[in-house]
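Report on the structure given below.
Note that the structure is a prediction, hence the values are computed from the model and not measured. Within every chain, numbering begins at 1; the chains are lettered A, B, ... in the order of the sequence lines, protein sequences first and strands thereafter.
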2 protein chains.
Amino acid sequence: MTIQNRPAFTTEEVARAQTYKARDYPSNVDPRIESLVREMISGFADKWTVVILDTLWDEGTLRFSDLARHVTGISQKMLTQTLRRMERDGLVVRKTYACVPPKVEYSLSPLGLTLGAAFCNVWIWAIENHDAVAAARTTFDGDE
Amino acid sequence: MTIQNRPAFTTEEVARAQTYKARDYPSNVDPRIESLVREMISGFADKWTVVILDTLWDEGTLRFSDLARHVTGISQKMLTQTLRRMERDGLVVRKTYACVPPKVEYSLSPLGLTLGAAFCNVWIWAIENHDAVAAARTTFDGDE
DNA sequence: CGGTATCCACTTAGATACTG
DNA sequence: CAGTATCTAAGTGGATACCG
């Protein structure tokens with residue numbers, strides 16, 4: 001298996017992914033599972049979580065202040081909050097050094113790395129399709 | 001290429017995905033691109049967008065009220081709002097029938113389908129790892 | 001440096017009522 | 001049925017100040 005060895009999705013590939021997911025993970029197997037998954041997605045699918053995941057995935061290990069620099073626009077409060085939640089969910093590993101001044105390093109856990117791998121296609125999609133989205137917006141706004 | 005023919009990610013696969021993304025889409029090519037992508041991700045990575053995308057990906061075409069039934073917990077207002085934004089971004093196609101009572105059908109556009117394909121691994125990750133996350137939370141909460 | 005705590009402005013989202 | 005409009009409660013997030 002290759003997670004990703006070519007960026008774009010052809011119509012056939014989309015259809016195949018759909019068939020695959022429907023076959024192995026039918027949405028109606030167990031409504032409780034379905035709702036649990038919804039709950040999980042709701043938890044991870046927020047602005048900052050995804051961006052931090054992306055950053056740590058790209059950069060590896062970062063100190064708190066370096067992370068703040070990379071994640072443009074985030075406040076210290078939200079960075080702390082989001083990192084705590086990700087740590088609690090087992091996605092992020094926090095390593096503190098007992099020195100002065102304090103030093104804290106963040107990195108993705110093995111679980112976090114697998115989530116990063118799963119998100120890889122989404123990031124690539126974003127890179128490749130941001131023109132298409134911009135165009136769609138212009139069209140939509142033009143004849144609204 | 002197979003988008004997905006086996007669920008789990010091994011360490012090697014994670015490493016390969018990472019190398020791939022870093023090589024073809026280095027995070028430092030163009031800071032403007034990077035920030036645009038961040039902006040896009042921020043836009044799509046909200047609770048309802050992802051769940052609606054998931055639902056339409058699984059179900060194909062749905063009427064407004066069917067969508068409301070599938071997406072448990074969403075208010076009519078948020079459903080309308082999110083669908084409008086997704087339509088504006090070119091992800092969703094809205095088809096209205098001039099009849100009484102009114103009938104409106106929503107489905108994913110070709111662009112939306114490719115985003116769904118990109119998200120496929122994330123959904124599968126959520127299905128497969130929700131136990132791991134629950135366990136991580138218990139551990140974290142236990143010795144806090 | 002890497003936080004925590006408090007306060008406050010702003011946004012968001014649910015409930016409700018109404019419409020084509 | 002598929003919305004829109006309005007109001008309001010609750011949550012979010014930024015600024016600031018302070019601590020280990």
Side-chain angles (χ1 to χ4, degrees), chain A residues 35 38-39 41-53 55-56 59-89 92-108 140-141 143-144, chain B residues 35 38-39 41-53 55-56 59-89 92-108 140-141 143-144:
Chain A
S35 79
R38 288 278 158 83
E39 198 187 303
I41 291 178
S42 305
F44 299 133
D46 77 295
K47 200 175 143 96
W48 297 127
T49 303
V50 179
V51 175
I52 290 174
L53 185 72
T55 304
L56 287 178
E59 305 293 328
T61 300
L62 285 177
R63 296 183 62 166
F64 185 85
S65 49
D66 293 328
L67 210 36
R69 246 184 302 284
H70 275 83
V71 183
T72 322
I74 197 171
S75 67
Q76 195 185 33
K77 180 183 172 181
M78 288 314 299
L79 183 55
T80 304
Q81 241 176 57
T82 311
L83 283 170
R84 281 289 175 283
R85 192 157 29 78
M86 292 175 80
E87 192 192 354
R88 183 172 114 94
D89 289 341
V92 155
V93 176
R94 179 170 177 269
K95 183 167 187 183
T96 56
Y97 296 85
C99 61
V100 181
K103 177 177 170 182
V104 180
E105 286 180 344
Y106 292 91
S107 57
L108 292 183
F140 188 88
D141 294 347
D143 45 44
E144 74 344 337
Chain B
S35 79
R38 288 278 157 84
E39 197 186 303
I41 291 178
S42 304
F44 298 133
D46 77 295
K47 198 176 145 97
W48 296 127
T49 304
V50 179
V51 174
I52 290 174
L53 186 71
T55 304
L56 287 177
E59 305 294 327
T61 300
L62 286 177
R63 296 182 62 167
F64 185 85
S65 50
D66 294 326
L67 210 37
R69 246 183 303 284
H70 275 84
V71 182
T72 321
I74 197 171
S75 67
Q76 193 185 36
K77 181 182 169 183
M78 288 313 299
L79 183 55
T80 304
Q81 241 176 57
T82 310
L83 282 170
R84 282 289 176 285
R85 193 156 29 80
M86 292 176 80
E87 192 192 354
R88 183 172 112 94
D89 290 341
V92 156
V93 176
R94 178 169 178 271
K95 183 167 187 183
T96 56
Y97 296 85
C99 60
V100 180
K103 177 176 169 181
V104 181
E105 285 180 344
Y106 291 92
S107 56
L108 293 182
F140 188 88
D141 293 346
D143 44 47
E144 76 339 339

Between the protein and nucleotides 4-6 of chain D, are there any N/O to N/O pairs under 3.5 Å, and if so, what are the atom names and distances?
residue, atom, partner, partner atom, Å
dT4(D), O4, Gln76(B), OE1, 3.4

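- Arg69(B) is linked by a side-chain hydrogen bond (donor to acceptor under 3.5 Å, both in side chains) to Asp66(B), counting only residues two or more places apart in sequence or in another chain.
- For the pair Arg94(A) CZ and dC1(C) C1', the interatomic distance rounds to 12 Å; values are reported in whole Å.
- Going from atom NZ of Lys103(B) over to atom P of dA2(D) covers 9 Å, rounded to whole Å.
- For Tyr106(B) and dC1(D), the shortest distance from a side-chain N or O to OP1 or OP2 is not below 4.0 Å.
- Considering every non-hydrogen atom in both Thr55(A) and Leu62(A), the closest pair reads CG2-CD1, 3.8 Å.
- One can place CG of Asp46(B) at 18 Å from P of dG11(D), the figure rounded to the nearest angstrom.
- Take Phe64(B) and apply the ring-ring contact (aromatic ring centres under 6.0 Å, His included) test, not counting sequence neighbours, and it matches no residue.
- Not one side-chain nitrogen or oxygen of Ser75(B) sits closer than 4.0 Å to the OP1 or OP2 atom of dA13(C).
- Evaluation of the side chain to side chain contact (heavy atoms under 4.5 Å, CB included) rule for Ser107(A) yields Thr61(A), Val93(A) as partners, not counting sequence neighbours.
- Rounded to a whole Å, the CD1 atom of Ile74(B) is 14 Å from the C1' atom of dA2(D).
- To the nearest angstrom, P of dG11(D) lies 21 Å from NZ of Lys47(A).
- Considering only heavy atoms from C-beta on, Leu56(A) comes within 4.5 Å of Leu67(A) through its side chain.
- The side-chain hydrogen bond (donor to acceptor under 3.5 Å, both in side chains) test applied to Thr82(A) returns no partner, not counting sequence neighbours.
- The distance from atom CD of Glu87(A) to atom CG of Leu83(A), rounded to the nearest 0.5 Å, is 8.5 Å.
- Regarding contacts with the backbone of dG2(C), a side-chain N or O of Arg63(A) is found under 4.0 angstrom from either OP1 or OP2.
- For the pair Trp48(A) CH2 and dG11(D) P, the interatomic distance rounds to 22 Å; values are reported in whole Å.
- Scanning for ring-ring contact (aromatic ring centres under 6.0 Å, His included) contacts around Tyr106(B) gives an empty result, with sequence neighbours left out.
- Rounded to whole Å, atom C1' of dC1(D) lies 18 Å from atom NZ of Lys95(B).
- Comparing the helix axis at one end of the helix from dC1(C)-dG20(D) to dG20(C)-dC1(D) with that at the other, each defined from 5 consecutive pairs, gives an inter-axis angle of 50° (nearest 10°).
- Residue Met78(B) places its side chain closer to dG14(C) than to any other of dG14(C), dG3(D), dG14(D).
- Residues satisfying the salt bridge (charged side-chain N to carboxylate O under 4.0 Å, His left out) test with Lys103(B), not counting sequence neighbours, are Glu105(B).
- When heavy atoms are screened at a 4.0 angstrom cut-off, Tyr97(A) is found touching no nucleic acid atom at all.
- Scanning for side chain to side chain contact (heavy atoms under 4.5 Å, CB included) contacts around Ser75(B) gives Lys77(B), Met78(B), with sequence neighbours left out.
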Ignoring hydrogens and angles, write down the donor-acceptor pairs under 3.5 Å from the side chains of residues 42-49 of chain A, residues two or more places apart or on other chains.
residue, atom, partner, partner atom, Å
Ser42(A), OG, Arg38(A), O, 2.7
Asp46(A), OD1, Thr49(A), OG1, 2.3

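- Judged as a salt bridge (charged side-chain N to carboxylate O under 4.0 Å, His left out), and not counting sequence neighbours, the contacts of Arg88(B) are Asp141(A).
- In this structure, the CG atom of Leu79(B) is 14 Å from the C1' atom of dG14(C), given to the nearest Å.
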Polar atoms only, N or O, under 3.5 Å: list the protein pairs with nucleotides 18-20 of chain C and their distances.
none

